There are 2 protein chains.
Amino acid sequence: MKILEVIKALSNQTRLDILTWLKEPFDYFPAKELIDYKASLGVCVSDIAKKAKMSIPTVSVYLKNMSAANLLIATRKDQWTYYKRNEKAIQQLAQLISKKL
Amino acid sequence: MKILEVIKALSNQTRLDILTWLKEPFDYFPAKELIDYKASLGVCVSDIAKKAKMSIPTVSVYLKNMSAANLLIATRKDQWTYYKRNEKAIQQLAQLISKKL
DNA sequence: TAGGTATTTAGGTAAATACCTAAATTTGTG
DNA sequence: CACAAATTTAGGTATTTACCTAAATACCTA
C-alpha cells in the first residue's frame, strides 16, 4: 500500500463524500437508481456524478484515481462501470495509520 | 476532528516523513541534537528542517499546518519551538477511517 | 451498420500547494 | 540597548490539482 497515493486520493471533499455514499447506498441514492443494485457491483459513474452534482468526466476521473489507489473496486458490466468500496484496503489504511505512521 | 484538514496535512511525503521521524527521534536524528531531548517537548524546527533537507521556513510552515490539524503539539521554550506527535489525534484518525469513513 | 447510452480521454483555465529567499519578529544575553 | 540565534511571515515562481466542455471510445440493440 502506497500510503501517500491513498491519502492523496482521500484529500478532496467530494472523494471523501463518495466513500461515505458508497458505504450505505440506500441512504444516499434515489431508490429508483438502485433498483438493480448489487452490493457485489456498487453504483455506476453517472449516478455518483449526479449525487455529487459534478460533471461526469470529473467524477469518472475521481473514481478511477480512487480505484488506482485501491480504495474502490471497479466492475465493468455492459456499458456501465460500477464502483464499490474496497473495505479491506480501508481497514488496512486505518491499521497503517494506527500502527506504522 | 475535521478529517479533510487532517488528511490534507498528511498528503505530502515530507510531512509523512516528519511524523515517522518524530515517532522514534533517536532512530532518525543525530544523537548530538538530542542531548537535551525530552519526549514531553519533541524536536525543534531547525533540526527537523535539517533532517528533511529543506529550508527552515518551508518546514516551519509544514509543522504549523500539522499542528493546526492537531497532528502535532507545539511547545515554545525560549527561542525554540519544539514539536512532538499528538498520538491521541493519530489514533482518533485511524478510528475515524476504520469506523466512519 | 446506424444510432443511442455510458464512460473515458483530451485539453483548457483557475485555484491550491510546494517550495524558495528576504525581511520581520521573538527571545536570550553581554 | 545592541547583537545573535531561532523562528515566523511575506512574497514570489513552478507544479499540481480541480474542475469544465468537447471529442473519442465502448457496448448495446434494431
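Note that the coordinates shown come from a computational prediction; the quantities given were computed from them, not determined experimentally. Chain identifiers are assigned alphabetically (A, B, ...) following the order of the sequence lines, protein sequences preceding nucleic acid strands; residue numbering begins at 1 within each chain.
If you measure from atom CD of B:E33 to atom C1' of D:dA5, you get 15 Å, rounded to the nearest angstrom. Rounded to an integer number of Å, the gap from CH2 of B:W80 to C1' of D:dA4 is 11 Å. Taking atom CD of B:E5 as the reference point, atom C1' of C:dA16 lies 15 Å away to the nearest angstrom. In this structure, CG of A:D47 is placed 9 Å from P of C:dA6, rounded to the nearest angstrom. Regarding A:L10, its CG atom lies at a distance of 12 Å from the P atom of D:dA18, rounded to whole Å. To the nearest angstrom, P of D:dA14 lies 17 Å from CE of B:M54. The distance between atom CD1 of A:I48 and atom C1' of C:dT7, rounded to the nearest whole Å, is 12 Å. For the pair A:M66 CE and D:dA18 P, the interatomic distance rounds to 12 Å; values are reported in whole Å.
Every stem involving DNA chain D, taken as at least 3 paired positions in a row under the Watson-Crick or G-U wobble test at 3.5 Å, is listed here: C:1-30 with D:1-30.
Applying the 4.0 Å criterion to OP1 and OP2 of D:dT8, one finds that B:K64 has every side-chain N and O outside that range. For the OP1/OP2 pair of D:dA18 and a distance below 4.0 Å, the side-chain nitrogens and oxygens of A:N12 include at least one atom meeting the criterion. Taking 4.0 angstrom as the limit, A:T81 places none of its side-chain polar atoms (N or O) nearer than this to OP1 or OP2 of C:dT7. Dashed line: the shortest gap from a side-chain N or O of A:T58 to OP1 or OP2 of D:dA18 is not under 4.0 Å. Considering only side-chain N and O atoms, A:Y62 lies under 4.0 angstrom from the phosphate OP1 or OP2 of D:dC19. For B:S60 and D:dT8, the shortest distance from a side-chain N or O to OP1 or OP2 is below 4.0 Å.
For the atom pair SG of B:C44 and CG of B:D78, the computed distance is 12.0 Å after rounding to the nearest 0.5 Å. Of the inter-residue distances, the one linking B:T14 atom OG1 with B:K51 atom NZ reads 12.0 Å to the nearest 0.5 angstrom. Note that the CG atom of A:L4 and the CG atom of B:N12 stand 7.5 Å from one another [nearest 0.5 Å]. Rounded to the nearest 0.5 Å, atoms CD1 (B:I18) and CG (B:L71) are 11.5 Å apart. For the atom pair B:Y28 OH and B:T20 OG1, the distance stands at 6.0 Å (nearest 0.5 Å). Rounding to the nearest 0.5 Å gives a distance of 6.0 Å between CZ of A:R85 and CG of B:L101.
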Could you list, one pair per line, each protein nitrogen or oxygen that sits under 3.5 Å from a nitrogen or oxygen of nucleotides 26-30 of chain D, together with the distance?
from, atom 1, to, atom 2, distance (Å)
D:dC28, OP1, A:D78, OD1, 3.0

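Using a distance-only test at 3.5 Å, with no hydrogens or angles considered, no donor-acceptor pair links the side chain of A:R15 to the main chain of A:M66. At distances below 3.5 Å, not a single donor-acceptor pair connects side-chain atoms of B:Q92 with backbone N or O atoms of B:M1.
Between B:L63 and A:P57, the one whose closest nucleotide on DNA chain D sits nearer the 5' end is B:L63.
When heavy atoms are screened at a 4.0 angstrom cut-off, A:S55 is found touching base atoms of the nucleic acid.
Under the 6.0 Å cut-off for aromatic ring centres, A:F29 and A:Y37 do not qualify, their centroids lying 6.0 Å or more apart.
A salt bridge between B:K50 and B:E33 is present, with a side-chain N of the basic residue lying under 4.0 Å from a carboxylate O of the acidic one.
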